[in-house]
Every structure is written in C-alpha cells, then in structure tokens.
Amino acid sequence: MSDVRYNFKEVEPRWQKAWADNKSFVSSGDGSKPKYFVLEMFPYPSGRLHMGHVRNYTLGDVVARFRKAQGFDVLHPMGWDSFGLPAENAALERGIHPGTWTRQNIADMREQFEPLGLSLDWSREISTCEPAYYRHEQKIFLDFVKAGLAYRKESWVNWDPVENTVLANEQVVDGKGWRSGVAVERRKLNQWFLKITDYAEDLLAATETLDRWPDKVRLMQHNWIGRSEGARLEWSVLKPEGTELPDKLEVFTTRPDTLFGASFCAISPNHPLAAELAENNPALADFVADCNRLGTSEGAIEKAEKKGFDTGLTAQHPFDPDWEVPVYVANFVLMDYGTGAIFGCPAHDQRDMDFARKYNLPVICVVAPKDADPTAFATELEAGTNAFTGDGVAVKSEFINGMTGEDAKRVAIEKIEAEKNGEGVVQYRLRDWGVSRQRYWGCPVPIIHCDSCGAVPVPDTDLPVILPDDVTFDLPGNPLVRHPTWKRVSCPSCGKAAERETDTFDTFFESSWYFARFCDPKNETLGFDKAAANQWLPVDQYIGGVEHAVLHLLYARFFTRALQTCGYLDVAEPFDGLFTQGMVGHETYKNPDGSWLSPDQVTQSESGDAIHIDDGTPVLIGRSEKMSKSKKNTVDPAYIIGTYGADAARLFMLSDSPPERDMEWTDSGIEGAWRYLNRLWRMVAETPIDAGSLPALDTMDTAAVEIIKATHKAIAHVTEALETFRYNAAVAHIREFTNAIGELNVELTGALPARRFAVETLAILANPLIPHITEEIWATLGCNGLLADQAWPKHDPALLVEDIVTLGVQVNGKMRGTIEVATEADKSTCASAALALPTVQAQVDGKQVRKVIVIPGKIVNVVVG
RNA sequence: GCGGGUGUGGCGGAACUGGUAGACGCGCUGGAUUCAAAAUCCAGUUCCCUUACGGGAGUGUGGGUUCGAUUCCCUCCACCCGCACCA
C-alpha cells in the first residue's frame, strides 16, 4: 500500500506553463493542416467565474484538444463581452466607473481562467468595450445604413422601466424584461432598426441545412421567424361626409377562404386610423390609452377579455358592395403584425367568436367538415361559442363553394388579385431588430442629428466615436444625454451646430460578429480581413447555453448574412456545428422559516438527517436547481480547483451527465473523480516503466494479449464517444479500460510491455478530458515531447475480433443461459449447444421445439410450444 | 391553447442498425489493513421467493407489431422547455 498521492498543486501549474512556453495552442493558420474553429460563447466579465463557465469551457476544451490531436489546425480563442448593464449598476451602487469595474473584472477573471488549464490561444484575446473593437462595429453599422439594412423610425417599443431602456422583442419574456423581470411598458420612440426581416426567408430556409445544430434550436428559430402565407386585401371604408379619413382599410388574413363568413373589421389601438378617430372622440382616446396601459404584461393576456370599441364606421366587403360590416378598435389586434387590421370571421376563429358573442355580431359558417351535413353543422356552429378552425369544405361562399383548404385559399387569392382588391403575401412573425438603447455602457451609435440635414453618419475619418469617460451617475437616465459637451458637435454635412446621437447599441450587436473578429483580432484598419474570415469561418463547433436559441444565435446568423451583403466575407452561416450544454445545478437548502442556506452551512446528523452546521436545527432539502446567488446553492470553482485540481473538476463535470443535459454538482461526485486520479497515478507510479518494446502477440500470455486487445477497443470506443459528444460515455470507457489494466498480473509473460503500451495509450485517450495528469504520466513514462502535441491513435480492427463469443440463449424470448462458441461457429453448432443447456432442457421438457433462431454473434432463441 | 422534449435500480446514467437491460460512477452492506481514523484493497449490491440450485417480475401506463421491444407503432399519465391574442 503506497501512500503516493498525486500532487496536482505542483503538477498542474507546471504543465500550464509548459504549454504556454511551447505555444502549444497558438493556431498557425498557414494552411498546412485542415482548420478547426472551436468557440465557446464568450463570457460577460462579471468578475467571478461560475460553474456554468467551467462546464462550458471544459466542453470546448475537450473538442479543441481532441481535434488538435486528430491533426487539425485548431483555433480556440477567448475574449470578453464587456459592454452591458451590470457595469452601470456597479457605477450606481458603488461609485466605480463602468470601465474601471469592467477592466478590473476582466483582469480578475483572466486570472481565474488560468488554473483551469484550457487550451486557449490568448494571443487573440478581444474585449468588446474597447475602441479597438467597437470602432469597427461603428463602421459596420454605417455600411449597413448605406446598404439600407439599418434604418430609423418612430415606433412602439418595449420599455423596461427599471433598466430605463428599450428592449428587443427577443428580450421580452412573458411580458417582462429578460433581466429586470418587471413588466415592460409600451412607448413610442425613434429607434434604429436592423432589417433582419429582409433575411427572414433565407434564415428560415437555411435552418433546414443546419444539420449539426440541435433540432430543438432549429425548431425554436423556425417558430420565431414564423412564416405564414395569406393575403392582404382592401376594404373600402364608408365614412361620414366631410371627414378626411382614408378610403381604404387594408387587412391581413391567412384565411381568405373564410371571407364570406366576415362579420366585422377590427384595427389595432395603435393603428393610425384609431389615432385619427380618437382626436375627435374622447371615449375612444380613453379606450386606446387603456389598451396601452395593459400592455403585454403577463398571462394577463391569456385571461384578458376581448374588448372592442365601435368606431361607427363601416367597411364594404371586397366581393359584395352591398355587404357592410362595422369597424371596431379591438385590444387583441397587434399593430406590428400584418397590417394592424383584420377582418373577423367568428365561425372559424376562436378570438373572433369570443368577440362576436360579446358584441352580438353575426356568426356565419362557411366551412364544414368533409363528412358532416353542412346545414346541421352550420346550425350548431352558429348557435354555439366554439369556432371551427379545422380543415373542411367551403359552403355559402359563391365561387369557392365545394373547395377544400388550400384550393379554396388559392382561388380566393386569385380572385382578390384579379379584382385588384389586394394580393397574396407571405407574412413573418419576426420583426426588425431594434438596436437602440438609452444606456451609457455600450457602443455609441455613430450618427449626428442636424436640424437641416437630419440623421447624418459620422464620417469615416472621425471614427471611432469614443465613449466619454467623464460622466456622472448621480441621476437616473442616460449620462450621455446630460454630458456637458460630448454631444455638441457641428454637422459633418452643413457645418451647423448639431447633436450626437446619445443612444448606444444593444450589446447583442457586439456578440453578432465577434467570431469574425477572432479570425483577425489585431487588425486596426478593418474589423477583420476578408481572407482571414473566409479561412476560419464558419465556426466548426460552437458551444453555449440554450438560452440564446433565438437571441444571439439568430442575430449572429442575420449579421453574418448582412456582412456578406456588404462584402465583408463570403459565408452566410456563422456556426456550422452548435452544441447547447445543460446547466449546472445543486441541491437547495432551506431553514424551517423558508430562508435559503448555502451548502457549506449544512451537514449531516448521526441519523443521516440534514442539519444546520452551527446549531443542529433541521434543514429542508430541496430539489436540484440551477446554481444561483439568490438560492445560495452555488459552489465556487476557485475553491474546487484549489482543493481537488482542475482535472478532477473537469472529470466530474464530464462524467456526471451527458453534456446537453443539466447536471447536479455533488461533493461525492467530485471526490469520486479525485479518487480516480489518485488510482490512475498510483498505477503509473507503482509499476516499472522501462519495459522494452512490444513483443509478438503469440509469445505473450493470453492475459497480456487481452490487454492489447482492450487497448484497441478503448481507442475505438473513446474516439467514437468524443466524436459524438458523449463525454460521459468516454469517461466510462476510460475507467473501464483503467480497471482492466489494473487487473493484469505483471508477472505474466509479456505483461509489462503490454501494460506500458496500454498506459501510454490511456494517457493519450484521456488527455482531452484530464490534460494535466496525463501529461505528467506521459513524462513519467519517459515519452518524448509534450502529450499535447501527440497524434491521436488508430485502432486495429483485426484486434477487435474475438475468437470466442458468448451468446445469450432464450426460450420463447426469455433468457435462460449463455453458451460460448467459436466466433465462426455455424448455426447448427450454436443451436445444439443451446439445446444442450440444462436450463433450456428444463423449459423445453414435454413441449415441442418449433424452431431455433440463431443470430450469429448475438443470440439464440429456442421457440417451443 | 399551440409546438417540442423527457420518463431505465436508492441516485447520475449505459445499452451499436430490435438481439444477454442496468456498463461506468455515486451511495450502501460486509470484510481486510490500522492502536484508531483517513486513505487504500477485496467481495456484494434491480426487486421478490429460495440456505443454495433455481424461479418469478422488471425500462412511466395500457395495448400492438415481432421468434425477440428500453429501442418501432398507437393510447393515456407525469414532469420539463419554448411560443403565446401573430389574424
């Protein structure tokens, strides 16, 4: 019994230094090897590394080290997503300048990264809050403006009253701000938008080609873009004499086949027509204000009653001038979808039905199920409160009578187009991306507002527009607005006094192109060189949390296309492969009074119950939840790495659960990983290493030969598991292989060289998972060079074939025993061996053997009856 | 409401194209070593009956296809996630 203990505290920093000195992870980019770009979503510099980071970057590191060993020129960079609101909050709370706070955090986090031993190329480090980065972003934006991909318009926006800024649709969750968690309000503001909708069709179509993305994310993007086919059509508005209202009301519908079931039109409270009418109608103005107050908050929408306001106007049916319907302002009609106006067909839309019942509007059935009696069906439908939204046959609909679903829609659209009442259109749920934020700590929008010239781009020669440092946070709102001089400039176009735009970009702007910047991070004149981007992009493997499925990941796909349009690069899709990892969770603990306790405040009593470590009071154990400060169930990575080392932390994280699933952090888990490392280390330290070269297999003891075979099996299994992101299975194979090596009796002929070969191979196979200890083993074995530079081994398929196989034997599909036969044994040999088993005989006894199914190498099934 | 996913021992999870369910680990039980503890090592560990041999049940539920189903098809249940008045 040796008490050799693996000294990670000495070993891990030593190899980290060796890799750095050797520039092991600096990509060459010289084209001598195929490229492989591995990227993890870059962190926001909060100042503290958390376990979620450790999991994310460990997963990426396994990919990077594995691909490097496989002979790729790996690009694996790191940087900082360093604009954002927390920096401003820190300024407010502690009086620290956001820049100082952010840069200090970056320095701290860089230090916390070091002991993880990640294979990062730090020479490419970027930080998005530095002018060196965002100056190029300003140029990109101006190019977008030039190309018509960025525009400014006044529009209704989501306003977060806590963050005092606008949010994009993607940043509103359940009617609440994604960070603040408070209900958003609606406001009308002048905003910059990026024309993501120009690419809606392409983004949607291309989701089908992203076959190395999780289906879930593709589906979420598909639904978010939300394509639907339908028609725009015009209704003539019959207005009181002498009024100056528009003549036409344009509506959007996906059901032109139900046009003959129309019983009203409804417009959004934010529709221009509603605003015009409200001018002379205080009751309507109140109604509109009411609707806006309710906003989009919560599930309130779910329960919110359908409410309408009768404008008194009527509209003329496009196919029948004598048919008039009332025009309502309705709270359920959205201004920013379609035309902000609809026609209501109560019989075939549940909302319209609810509305019709409330305001006593007609319900006209114009679609009946194929096999139903149309008259009886219509009678029941028109008397009830449930709309029929299914497929069926058109009735009471003149020229489309008798047609079904798609045919009826097509014919209706043809008629609409023929009569010049409108046209078939494709409508998307996706809206343009509003990028203006009324915040300080972001990239300034490089625009100057001039009374005579309007919004004027800052000339290239004046870029970058640098964020001023001398700002104050003593008042709410954007400090840039009240800065005494910064915004006062002369118009680049006419020279008159003008004002800088004080809005900054949404921070998703920075993360929409950083992967391209990593290809050429030091370029001062350009965001990136086109050739460099074309060389490295797309990212071969991107890794991050699923929470960005429709935010960052959609923006980045759009941005890359927009950059392509502007001639920056020649790729459309930024991320060829995407992997979304699960969260890191931990059990939660509560006092009987409901207050949260941290794991280190909880211990076990003698009877095994959870108790408070100080006073022994009982503790309630809750289920595992994502680590969070508020629930106090966090574990500090620095503490874990200081106690067990980086390899142990990595090993546990990789082995516990499949990487895409949530994992639970446990003390026993990390200890188990630590025990394994020590076992592995003892195995190497306790056995002679100078074992000579591998002799011919037929001169070795069979047990030694088995180890050679097990080695090739391990190569095959581990390689496959690493290729397919089944890292927990990879760890299991490594451990199984380790067990096999440990069981080999070294006294046997050929055992020592076999063992050496096995351990050497084990070191290579385990290296991507636990890089430090395997590097130490490599050196201890006296092998040349760094393990990090070694090539990945290949297995010999011939050695995977066994001479003898064990087959399961079933009787009527139930397992009754096993037989050992030669691998090449024919079916009849297997059958008679199976029938000879006493346990089989006992089952067969007294019955007739009907047939014996033999699947070579797998199973024998005796069918009796 | 719509869309998607998941369900296997006490726990995390394995199981290639349908072919010996529970690999690997955690935990637990017993033993060795130790003055003792830690560490380590050995044995066992799906459940039920049986000293054993052996038998029965078993992958959320109920059915189906098949010689054979964790795997394929249908029903239902539970949990999780996304979207949510998108006309």
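Side chains included, hydrogens not; waters and symmetry mates left out as well; all remaining heavy atoms used. Proteins get letters first, then strands, A, B, ... in listed order; numbering begins at 1 in each.
- Closest contact between the side chain of A:Arg735 and the listed nucleotides B:A87, B:U20, B:C24 involves B:C24.
- A:Phe332 and A:Phe355 have perpendicular rings, their planes meeting at more than 60° on a 0 to 90° scale where under 30° would count as parallel.
- Look at CE on A:Met663: it is 18 Å from P on B:C11, rounded to the nearest Å.
- With hydrogens and angles ignored, the 3.5 Å screen pairs a side-chain donor or acceptor of A:Asp432 with a backbone N or O of A:Thr197.
- Per the geometry, CZ belonging to A:Arg650 stands 21 Å off P belonging to B:G25, to the nearest Å.
- Searching all strands for a Watson-Crick or G-U wobble partner of B:G3 with both distances below 3.5 Å returns B:C81.
- The partner of B:A14, taking Watson-Crick or G-U wobble pairs whose two distances both stay under 3.5 Å, does not exist in any strand shown.
- As rounded to the nearest Å, B:G25 and B:C80 have P atoms that lie 32 Å from one another.
- Counting only distance, with no hydrogens or angles, the side chain of A:Arg55 and the backbone of A:Gly582 share a donor-acceptor pair below 3.5 Å.
- Of the possible polar contacts, one joining the A:Asn812 side chain to the A:Val864 backbone as a donor-acceptor pair under 3.5 Å is found.
- Using a 4.0 Å cut-off between charged side-chain N and carboxylate O, A:Arg227 and A:Glu229 make a salt bridge.
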N/O contacts under 3.5 Å, protein versus nucleotides 80-82 of chain B?
{"residue": "B:C81", "atom": "O2'", "partner": "A:Lys216", "partner atom": "NZ", "Å": "3.0"}

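- For the residue pair A:Ser263 and A:Tyr359, no side-chain donor N or O sits within less than 3.5 Å of a side-chain acceptor on the partner.
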Review item, side-chain donor-acceptor pairs of residues 831-844 of chain A, under 3.5 Å, at least two apart:
{"residue": "A:Ser832", "atom": "OG", "partner": "A:Ser828", "partner atom": "O", "Å": "2.8"}
{"residue": "A:Ser832", "atom": "OG", "partner": "A:Thr829", "partner atom": "O", "Å": "3.2"}
{"residue": "A:Thr839", "atom": "OG1", "partner": "A:Arg816", "partner atom": "O", "Å": "2.7"}
{"residue": "A:Gln841", "atom": "NE2", "partner": "A:Leu835", "partner atom": "O", "Å": "2.6"}

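- In a base pair of the Watson-Crick type (N1 to N3 plus N6-O4 or O6-N4) or a G-U wobble (N1-O2 and O6-N3), with each distance short of 3.5 Å, B:U40 is matched with B:A32.
- At least one donor-acceptor pair closer than 3.5 Å links the side chain of A:Arg650 to the backbone N or O of A:Leu769.
- A donor-acceptor distance shorter than 3.5 angstrom exists from the side chain of A:Arg557 to the backbone of A:Leu203, with no hydrogens or angles considered.
- For A:Lys814, the NZ atom sits in a loose shell: 12 or fewer heavy atoms of surrounding residues, nucleotides or ligands are nearer than 6.0 Å.
- Rounded to whole Å, the separation between the P atoms of B:U65 and B:C28 comes to 47 Å.
- For B:G31, the base adopts the anti conformation, since its glycosidic angle falls more than 90 degrees from zero.
- With both ends at atom C1', the span from B:C72 to B:C24 equals 28 Å, rounded to whole Å.
- With rounding to whole Å, A:Asp215 atom CG is found 10 Å from B:U6 atom P.
- Within the nucleic acid shown, A:Asn739 comes within 4.0 Å of sugar-phosphate atoms alone, with no base atom in reach, counting heavy atoms only.
- The OH atom of A:Tyr337 sits 17 Å away from the P atom of B:C83 (whole-angstrom rounding).
- When the P atom is compared between B:G3 and B:A57, the two are found 39 Å apart, to the nearest whole Å.
- The interatomic distance linking A:Asn331 (CG) with B:C85 (P) rounds to 11 Å, in whole Å.
- By the 6.0 Å contact criterion, CG on A:Asp336 is enclosed, its count of non-hydrogen atoms from other residues, nucleotides or ligands being greater than 12.
- Taking every side-chain heavy atom of A:Leu219 into account, B:G4 is the closest of B:A23, B:U20, B:G4.
- B:G63 and B:C76: their C1' atoms are spaced 11 Å apart (whole Å).
- For A:His795, the ring-ring contact (aromatic ring centres under 6.0 Å, His included) criterion is met by no residue, not counting sequence neighbours.
- B:U66 sits 39 Å from B:G27 when the C1' atoms are compared, rounded to a whole Å.
- Between A:Met335 and A:Gly857, the one whose closest nucleotide on RNA chain B sits nearer the 5' end is A:Gly857.
- Under 4.0 angstrom from either OP1 or OP2 of B:G25 there lies no side-chain N or O belonging to A:Tyr676.
- In this entry the distance linking CG of A:Asn386 with P of B:G1 reads 13 Å, nearest Å.
- Residue-level contact check: A:Thr806 touches the bases, meaning some heavy atom is under 4.0 Å from a base atom.
- Nucleotide B:A52 forms a pair with no other nucleotide shown, judged by Watson-Crick or G-U wobble geometry with both contacts under 3.5 Å.
- Ranking B:A84, B:G25, B:C41 by closeness to the A:Arg429 side chain, first place goes to B:A84.
- Look at the P atom in both B:G58 and B:A69: the space between them is 11 Å, to the nearest Å.
- In this structure a side-chain-to-backbone donor-acceptor pair under 3.5 Å is missing from A:Ser624 to A:Glu664.
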Show each protein N/O and nucleotides 54-57 of chain B N/O combination with a separation under 3.5 Å, one pair to a line.
{"residue": "B:G56", "atom": "OP1", "partner": "A:Arg816", "partner atom": "NH2", "Å": "3.4"}
{"residue": "B:G56", "atom": "OP2", "partner": "A:Arg816", "partner atom": "NH1", "Å": "2.8"}

Please tabulate, one pair per line, each protein N/O and nucleotide N/O from nucleotides 67-71 of chain B that are separated by under 3.5 Å, including the distance.
{"residue": "B:C67", "atom": "O2'", "partner": "A:Asn861", "partner atom": "ND2", "Å": "3.0"}
{"residue": "B:C67", "atom": "O2", "partner": "A:Asn861", "partner atom": "ND2", "Å": "2.7"}

Polar-atom pairs under 3.5 Å, protein N or O versus N or O of nucleotides 12-16 of chain B: list them with distances, or write none.
{"residue": "B:G12", "atom": "O2'", "partner": "A:Asp656", "partner atom": "O", "Å": "2.6"}
{"residue": "B:G12", "atom": "O2'", "partner": "A:Asp656", "partner atom": "OD1", "Å": "3.4"}
{"residue": "B:G12", "atom": "O2'", "partner": "A:Asp656", "partner atom": "OD2", "Å": "3.3"}
{"residue": "B:G12", "atom": "O2'", "partner": "A:Ser657", "partner atom": "OG", "Å": "3.0"}
{"residue": "B:G13", "atom": "O3'", "partner": "A:Asn728", "partner atom": "ND2", "Å": "3.2"}
{"residue": "B:A14", "atom": "OP1", "partner": "A:Asn728", "partner atom": "ND2", "Å": "3.3"}
{"residue": "B:A15", "atom": "OP1", "partner": "A:Arg726", "partner atom": "NH2", "Å": "2.7"}

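- The backbone N or O of A:Gly261 lies less than 3.5 Å from no partner atom in the side chain of A:Thr258, so there is not a single donor-acceptor pair.
- Remark: A:Arg682 is in phosphate contact with B:C41, judged by side-chain N or O atoms under 4.0 Å from OP1 or OP2.
- Rounded to an integer number of Å, the gap from OH of A:Tyr727 to C1' of B:C24 is 18 Å.
- Remark: the separation of the C1' atoms in B:G1 and B:G13 is 35 Å, to the nearest Å.
- Rounded to an integer number of Å, the gap from OH of A:Tyr428 to P of B:C83 is 21 Å.
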